[in-house]
There are 2 protein chains.
Amino acid sequence: MVQSELVDLEKKLRDAQLRPTKQRLALAQLLFSDGNRHITAERLHSDAMEANVAISLATIYNNLHQFTAAGLLREVVVDSSSSYFDTNIAPRHLFFHEQSGTLKDIAKDDLKVDNIPPLPEGTEISSVDVIVRVSSTRR
Amino acid sequence: MVQSELVDLEKKLRDAQLRPTKQRLALAQLLFSDGNRHITAERLHSDAMEANVAISLATIYNNLHQFTAAGLLREVVVDSSSSYFDTNIAPRHLFFHEQSGTLKDIAKDDLKVDNIPPLPEGTEISSVDVIVRVSSTRR
DNA sequence: CAATAAATTAGAATTCTTCTAAACAAGAAA
DNA sequence: TTTCTTGTTTAGAAGAATTCTAATTTATTG
Ligand SMILES: [Mn+2]
Ligand SMILES: [Mn+2]
Ligand SMILES: [Zn+2]
Ligand SMILES: [Zn+2]
C-alpha cells in the first residue's frame with residue numbers, strides 16, 4: 001500500500017465526519033483500494049482477518065452502516081440470506097448470479113427503464129432498481 | 001366462503017401434488033381468495049390466527065416454500081428483514097413503499113426495460129426484476 | 001380397515017444482525 | 001503535554017427470521 005493512498009482514505013473518512021481509526025482505515029482500504037466491490041459483512045470480516053486486521057464483527061457492521069449513512073457505500077437487497085454493500089454509489093443496475101451470489105454492475109446508461117406508471121398517491125421515487133438475475137447455462 | 005371456491009382450491013392443490021389438508025386449504029384460501037396479495041410468513045400466520053385457523057409457524061413456512069416450488073407463489077426479495085411472497089406469478093414489476101413495507105404490482109407492459117447489456121459469460125437470464133422504491137412525499 | 005407416505009408441530013437450533021455497557025482511543029482544550 | 005470530552009471498539013448477550021428434528025397425526029392407497 002502506498003502512502004498517498006492512505007492519506008486519501010484518511011481524507012475520505014474525515015470528509016464524512018468519521019475519525020480515521022485503525023479499524024476504519026483498514027476497512028476503507030479493503031473496500032475502496034481495489035476497484036468496485038460488492039461484499040457482505042461476513043466476507044469483509046474474513047478479508048480483514050486474512051489481512052491481519054484485528055477487528056470485531058460488531059465493528060464491521062457498525063462501519064458498514066456508518067459508511068452507508070455517509071454515502072460512501074450503498075446497501076443492496078438481492079438475497080434474503082444476507083445484505084450486500086456496494087462501493088459503487090453512482091446510479092447503476094446489477095447482474096446477480098444466482099449460483100455464486102456474485103454481483104456485477106450495469107452502467108446506468110447501458111439499460112433503459114421507460115414508462116414507469118403513475119406512482120402511488122403521495123409518494124415520490126426513491127430509486128429504480130433493476131436486478132437482472134442470471135443463472136449458469138445448463139449443459 | 002362459497003362451496004365452489006373450496007372445490008377450486010382443492011383442485012389447485014391436487015394439481016400441484018399437494019394433499020389438501022385442513023391447514024393447506026386454509027392457507028390457500030387466505031392467499032388466493034381475495035385478489036393479489038404480497039405477504040410475509042409472520043403476517044400470514046397472524047391472518048390465520050385471526051381466522052381461527054390452528055396452524056403453526058413451521059407449517060406456514062413449509063407451505064409457503066412448497067407453494068413457491070409448485071409455482072403457485074413467487075418469493076420476492078425487497079427487504080433485508082423478511083421475505084415476501086406474491087400471489088401474482090405472472091411477470092410483473094413492483095412498487096415498494098419504504099415506510100410501510102407495502103408492495104404494488106406494475107403490469108409487465110406498463111414498464112419497459114431495454115438494452116440489457118451482454119450477459120456474463122456462460123449465463124442466461126432467469127428474471128429481470130424492477131423495483132421502484134417509493135417514499136412518502138415529505139411535508 | 002390396515003399399511004404407507006405425507007404433513008404437522010413444538011420446541012430446539014441456526015444464522016444474520018443488533019444491542020449493551022464497559023474499555024479504549026482520538027481530537028480539542030487547557 | 002496533560003486533561004477532558006466524545007467517538008469508537010468490543011465481547012458477549014440478545015433479538016428476529018428461518019430452518020431443523022423427531023415425534024405425532026392425517027391423508028391416501030391397497
Ligand atoms: Mn462499477
Ligand atoms: Mn435472517
Ligand atoms: Zn455495484
Ligand atoms: Zn405482486
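The sequence lines fix the lettering, A, B, ..., with proteins before strands; numbering per chain opens at 1.
For the pair B/Gln66 CD and C/dT8 C1', the computed distance is 10 Å after rounding to whole Å. A straight line from CG of A/Leu25 to P of C/dA26 spans 11 Å, rounded to a whole angstrom. Rounded to whole angstrom, the span from the CG atom of A/Leu27 across to the C1' atom of D/dT10 amounts to 14 Å. Atom-to-atom, NE2 of B/His45 to P of D/dA17 comes out at 13 Å; the value is rounded to the nearest Å. Remark: P of C/dG27 and NZ of A/Lys22 are 14 Å apart, rounded to the nearest angstrom. Across the protein-nucleic acid pair, B/Phe85 atom CZ and D/dA17 atom C1' stand 11 Å apart, rounded to whole Å. The distance from atom CG of B/Leu64 to atom P of D/dA17 is 14 Å, rounded to the nearest whole Å. When the C1' atom of D/dT19 is taken as reference, atom CD of B/Glu42 falls 14 Å away, rounded to whole Å.
Side-chain nitrogen and oxygen atoms of B/Tyr61 include none within less than 4.0 Å of the OP1 or OP2 phosphate oxygen of D/dT19. Taking only side-chain nitrogens and oxygens, A/Ser82 never comes nearer than 4.0 Å to OP1 or OP2 of C/dT17. An OP1 or OP2 oxygen of D/dT9 is reached within less than 4.0 angstrom by a side-chain nitrogen or oxygen of A/Arg24. A sub-4.0 Å separation between OP1 or OP2 of D/dT10 and a side-chain N or O of A/Gln23 is present.
Across all strands shown, B/Ser83 has heavy atoms under 4.0 Å from sugar-phosphate atoms exclusively, and none from any base. Residue contacts for B/Asn63: at a heavy-atom cut-off of 4.0 Å it reaches the sugar-phosphate backbone alone, with no base atom in range. Counting any heavy atom pair closer than 4.0 Å across all strands shown, A/His65 reaches sugar-phosphate atoms only and no base atom.
In this structure, B/Ile89 stands alone, with no Ile, Leu, Val, Met, Phe, Trp or Tyr side-chain heavy atom under 4.5 Å from its own, directly or through other members. Taking Ile, Leu, Val, Met, Phe, Trp and Tyr as members and joining any whose side-chain heavy atoms lie under 4.5 Å apart, directly or through other members, the hydrophobic cluster of A/Ile116 also contains A/Phe95, A/Ile106, A/Leu111, A/Val113, A/Leu119, A/Ile125, A/Val128, A/Val130, A/Val132, A/Val134, B/Phe95, B/Ile106, B/Leu111, B/Val113, B/Ile116, B/Leu119, B/Ile125, B/Val128, B/Val130, B/Val132, B/Val134.
Contacts between residues 48-60 of chain A and DNA chain C, counted as heavy-atom distances below 4.0 Å, involve A/Leu57, A/Ala58. Near-neighbour residues of DNA chain C inside residues 10-21 of chain A, defined by a heavy atom below 4.0 Å, number-ordered: A/Arg14, A/Arg19, A/Pro20.
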Practice task
I would like to know whether A/Phe85 and A/Val76 meet side chain to side chain contact (heavy atoms under 4.5 Å, CB included); could you show each step before the answer?
Solution key: CA-CA 6 Å; A/Phe85 292 84; A/Val76 177; over 6 Å; no
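Linking Ile, Leu, Val, Met, Phe, Trp and Tyr residues whenever their side-chain heavy atoms come within less than 4.5 Å leaves B/Leu103 and A/Val77 in two separate clusters. One hydrophobic cluster, built from ILVMFWY side chains closer than 4.5 Å, holds both A/Leu9 and A/Leu18.
Within the structure, salt bridge (charged side-chain N to carboxylate O under 4.0 Å, His left out) contacts touching residues 44-64 of chain B (residues at least two apart or in different chains) are B/Arg37-B/Asp47, B/Arg43-B/Asp47. The salt bridge (charged side-chain N to carboxylate O under 4.0 Å, His left out) analysis of residues 66-79 of chain A, with sequence neighbours excluded, yields no pairs. Contacts classified as salt bridge (charged side-chain N to carboxylate O under 4.0 Å, His left out) and involving residues 87-101 of chain A (residues at least two apart or in different chains) are given here: A/Asp86-A/Arg92, A/Arg92-A/Asp105.
Under the side chain to side chain contact (heavy atoms under 4.5 Å, CB included) criterion, B/Pro20 pairs with B/Glu10, B/Leu13, B/Arg14, B/Leu25, sequence neighbours left out. Partners of A/Asp129 by side chain to side chain contact (heavy atoms under 4.5 Å, CB included), not counting sequence neighbours, listed by chain and number: A/Ser127, B/Arg133.
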